[in-house]
Peer 1: 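To start, I am sharing the structure in question, which I have written as structure tokens.
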Amino acid sequence: MSVVSTSALTRRFGGAAAVDSLDFEVTGGVVGLLGPNGSGKTTLLRMLSTVLSPTSGDVSIFGLDPSHHGQRTDIRRRLGYLPQDPGFYRGFSAFELVDYVAVLKEMSERSSRADEVRRVLAAVDLADVMHKKIRALSGGQRQRVALAAAMLGSPELLVLDEPATGLDPAQRLQLRSLLSEHGRRGTVVLSTHHTVEVAAFCQRVIVMLRGRVHFDGTPSELAQLAAGRVWVDHDASAASERAWITADGTIRAIGDPPTGAELVEPTIDDGYLLIATPGAVR
Amino acid sequence: MTAPQPFTAPSTGWHVASDDLAAYVAGRVHGVSADSIEAHLLRCDRCRTALTATAGREDSDRRWAAIALEVDRPGRWAHSATWFRVAMGTPHLAMAGALLAALYVIVPLVASLVNDRATVTWFIALAPSVPIAAAVLAYATAADPAGNSGTATPLHSFRLVALRTALLLAAVFPIGLIASVLLPVPTTLVLCWFLPAVAVCALVLAIGTRHNPVWVAGSLAVGWAAVVLAGFARLRDVPLAAALEQLSVTQPPVQIGSLIVAVVAGAWFVMWRDDVTYRVSP
């Protein structure tokens, strides 16, 4: 059964369509949304998390209709949402803030609520600082506080808008492990700018551009899109418009290769750039 | 002093420098640096031993007890009842509640003591609209920095505004009642706003299922204020105390009518709550 299903899903702001006639289905695992700024990722995630209504089209979560109040409440009981800009009460401790969100998640029994708050804060490695005021926490720690709030109650669906923002490499590794584990039991839909994150632990990747889906497949399929279109060169003048100097001094280029070019194995980054960069495909 | 390392990297083998420890014992370390040292001391035997050597056994035991108490101390909200956390669990709500309580006691008291007609007029004109305005404004995105973290929770919707409004009214009414007994304030002045306030709140919630609640609240507030101002204008030659008793809004028909409106609008809100639009965030 579909966890998420959309049909001609559209959201307009004024005359512009942030999400334009989107049809897709998610049945489980970790799904990564890739796309440049303004591609509609956040708008889509807000609709999936029931905080924004579509202008037209349908969205169904767990087979329920979020436009219906009763069903929307049922959906919210089963999902966790990390917004792009979570916001904090700086005078609250990490424990207090997550506990407040737990109250909003209808966890009314104080003792079990406190246990759950401690569990999620420990899961994001904040057990040591749970009683510190948020104003004293670093950006990465604050991001983990918001992530902990989203994970309250082990929701069946986690909707995460750029969860890796502000995290250092070690914390990103921990995030991958955490979300992979969650993806085995439930569903995670996340947006990111980092193709590395998608390649590392997403079973499926969706590339959005101007509100539409331009690719939907596995990370390796995205990489293979660029097969035969990535080459290295030693002469900058002969390279494509989409080219850069790599760490070893060679030039890596994407596009239509010149005759005799030294083709290399494409990465997911190459596949994404081929789709997302205007002019990469001639 | 040397800045302490982050908490999340205990494996780096960092320990509090002896100079820093001496400064800490002497009370010269404050803020984030003191927090860092205390968090580290909680889990580092070596630094606790060094602290003992630096401060002396008795002083160290006393200091250690104080540290444990401070770091493990739950925040001021942690032991509050769940309903209190929902109603007053954020700084803005707590402030709104305190201001409301003060408003409904201090303004009538001052107006009575100075026998000021204008203050009484504006108090009755505006008082019924203040509770719903406080609840709606505290819920608004601009006033609730952490609101985004809870947007996709079951309780975070118009239901939350309704609950908060009801709790604010329930908290403010007894205060007004007590004030009317203990203070030299006319009972009519202290209590005449209450049933109209319940009616205004219920109407905003009911009509807000179909229309923008801010516009609904604004229209009702203006309408009520116009009736009150017109009533006082008609009684401008009557002394203030007598005018209060003769004013149409303090008479049984308006008070009973307000109660009926509140019941009908409350029932309408419950029946049509499915039509509540999503919260619109920026």
Peer 1: For A:Ser154, give me all partners under side chain to side chain donor-acceptor pair (under 3.5 Å), at least two apart in sequence or on another chain.
Peer 2: A:Arg119
Peer 1: Kindly write out the residues that satisfy side chain to side chain donor-acceptor pair (under 3.5 Å) with A:Glu106, not counting sequence neighbours, or none if the list is empty.
Peer 2: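 By the side chain to side chain donor-acceptor pair (under 3.5 Å) rule, A:Glu106 matches A:Arg77, B:Arg159.
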Peer 1: Look at A:Pro83, A:Ala146, A:Ser49, A:Gly80 and state which one has the largest set of heavy-atom pairs under 4.5 Å with chain B.
Peer 2: A:Pro83
Peer 1: Can you find a heavy atom in the side chain of B:Thr153 that is under 4.5 Å from one in the side chain of A:Arg76?
Peer 2: no
Peer 1: Shortest non-hydrogen contact from A:Val51 to B:Ala152?
Peer 2: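 Scanning both residues, the minimum pair turns out to be CG1-N, 3.8 Å.
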